[in-house]
Amino acid sequence: MTDRPKRLRRCQLSVPGSSEKMMTKAAGLDVDYVFLDLEDAVAPQEKRPARKKIIDALNNLDFGKTTRCVRINDLTTEYAAEDIMEIMEGAGENLDVIMLTKCMGPDDITFCDKLMSQMEKKLKMTKKIGLETLIEEVEAMQRVDEIAAASPRLEALIFGMGDYSASQGVSTKDIGGESGYPGDIWHYQRQKMTIAARVNKIDAIDGPFAKFSNPDAFREECRRSMILGMVGKWAIHPSQVEIAQEVFSPTQDEVDRARRMRAAFDEAVSQGLGAAQFEGSMIDIASMRIVDRIVDRADMIGM
Ligand code: COA
Ligand code: MG
């Protein structure tokens, strides 16, 4: 058991850390989660200046209830450790989570965890900063169970299909679904990563969908990952935020029904029964596991 904070991640908006304009825009959006990027959205010559811009944004913009994350460069670069140290030192408690890229195995998680613990000590922080990681290399997918279990600080795994395609050698034609491959090319990876996350009681998140001019295709990708148990998807453009947050929320009807079902079951238990009838179907403790998940999500969303 850990005391991981509960956070909504129905949508994680990616915002280039080199763009003050986009960070300002992101702060004003009604989105569960933003991550200010130091990795691929930032050109090499902008990496160091972007740290300063991100620190300014975290310290001076009002993100409201939105979770504030910074995505760092991977551990093979010369930037990663300094990314963690400078961002934590500069933003302190105005930062909520650090996101690791191109994780290769559980050691990468341990490294970040230890460095973050050192910084928390140095800065005398009372708040613990969260950690999450992309799963975007075949090495990480192969060891995803160990990665998911590597640290109580780890809160989420994200399937990054862009880099992952390159890593596995998936043909780019397949990514658009144009190859005629029978089935969803990401079915196995999403299942595998989601199971690893759920075993460790952390969130499974689906990565980006680049063609932001096609909202219907984006919605379908959200729906597929939601059905498998993922709790959110990235947005790379503000127009994707509302779609993701809608698909990853239960409907009001589902929530009302779940609460009625919970009440009916509690009533049955108080009468010494393990199974009961609810609107023409049998309900038991197994049904309550699903129901409680919906109620829990609804409470977090404020429905
Ligand atoms: N976060 C915050 N604001 C964003 C945004 C983002 N990810 N993407 C676009 N915007 C803003 C724009 O600045 C613009 O603001 P304005 O109305 O105040 O001028 C508005 O949303 C509409 O943007 P639009 O003109 O449609 O797109 P664009 O050409 O400005 O940007 C991209 C298109 C793809 C360059 C941009 O969306 C982007 O950089 N996305 C993130 C990329 C990224 O993070 N990649 C790494 C992770 S996969
Ligand atoms: Mg990547």
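We count ligands from 1, going down the list as the structure has it; atoms in each ligand are counted the same way. No hydrogens, no waters, no symmetry mates; every other heavy atom, side chains included, goes into these values. Here the structure is a predicted model, which is why all the values come from computation and not from measurement.
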key: Distance in Å, Glu155 CD paired with Asp96 CG, rounded so as to fall on 0.5 Å steps   = 9.0 Å
query = For the atom pair CE (Met141) and SG (Cys103), what is the distance rounded to the nearest 0.5 Å?
reply = 11.5 Å
Within the structure, does at least one protein heavy atom fall under 4.0 Å of [atom]?
| atom | result |
| --- | --- |
| atom 8 (N) of ligand 1 | yes |
| atom 45 (N) of ligand 1 | yes |
| atom 34 (C) of ligand 1 | yes |
| atom 39 (O) of ligand 1 | yes |

What protein heavy atom sits nearest [atom], and how far away is it?
| atom | value |
| --- | --- |
| atom 12 (C) of ligand 1 | Lys21 NZ, 3.9 Å |
| atom 32 (C) of ligand 1 | Phe212 CE2, 4.6 Å |
| atom 43 (C) of ligand 1 | Ser14 OG, 3.4 Å |
| atom 2 (C) of ligand 1 | Met22 O, 3.3 Å |
| atom 25 (O) of ligand 1 | His237 NE2, 4.9 Å |

query = Between Tyr164 and Trp186, what is the ring plane arrangement, given parallel below 30°, perpendicular above 60°, and tilted in between?
reply = perpendicular
key: Aromatic plane relationship, Phe209 with Phe218 - under 30° parallel, 30 to 60° tilted, over 60° perpendicular   = tilted
ask   = Between the side chain of Asp108 and the main-chain N/O of Met104, is any donor-acceptor distance below 3.5 Å?
value = yes
Taking C-beta and beyond as the side chain, do [X] and [Y] meet within less than 4.5 Å on heavy atoms?
| X | Y | value |
| --- | --- | --- |
| Met125 | Met116 | no |
| Phe159 | Leu134 | no |
| Glu82 | Ile87 | no |

message = Below 2.8 Å, can you find an N, O or S atom of Asp163 next to the Mg ion (ligand 2)?
response = yes
query = Counting backbone and side-chain atoms alike, does Glu136 have an N/O/S atom under 2.8 Å from the Mg ion (ligand 2)?
reply = yes
By number and element, which atoms of ligand 1 are closer than 4.0 Å to a non-hydrogen atom of [X]?
| X | answer |
| --- | --- |
| Arg71 | 46 (C), 47 (C) |
| Ala41 | 43 (C), 44 (O), 45 (N), 46 (C) |
| Val15 | 1 (N) |
| Ile236 | 6 (C), 7 (N), 8 (N), 37 (O), 38 (C), 40 (N), 41 (C), 48 (S) |

ask   = Does ligand 1 have a heavy atom under 4.0 Å from the side chain of Lys25, from its backbone, from both, or from neither?
value = side chain
note = With heavy atoms and a 4.0 Å threshold, my read on which part of Glu39 contacts ligand 1 is neither
Using distance alone, decide if ligand 1 has a nitrogen or oxygen within less than 3.5 Å of any nitrogen or oxygen in [X].
| X | result |
| --- | --- |
| Leu13 | no |
| Asp37 | no |
| Asp40 | no |

query = Any luck finding a side-chain donor-acceptor pair between Thr110 and Asp113 under 3.5 Å?
reply = no
message = Tell me whether the count of non-hydrogen atoms from other residues, nucleotides or ligands lying under 6.0 Å of CD in Gln142 goes above 12.
response = no
query = In this structure, are over 12 heavy atoms from other groups packed under 6.0 Å from Glu120 atom CD?
reply = yes
request  = Compare Gly162, Pro208, Pro238 and give the one whose heavy atom is closest to atom 21 (O) of ligand 1.
outcome  = Pro238
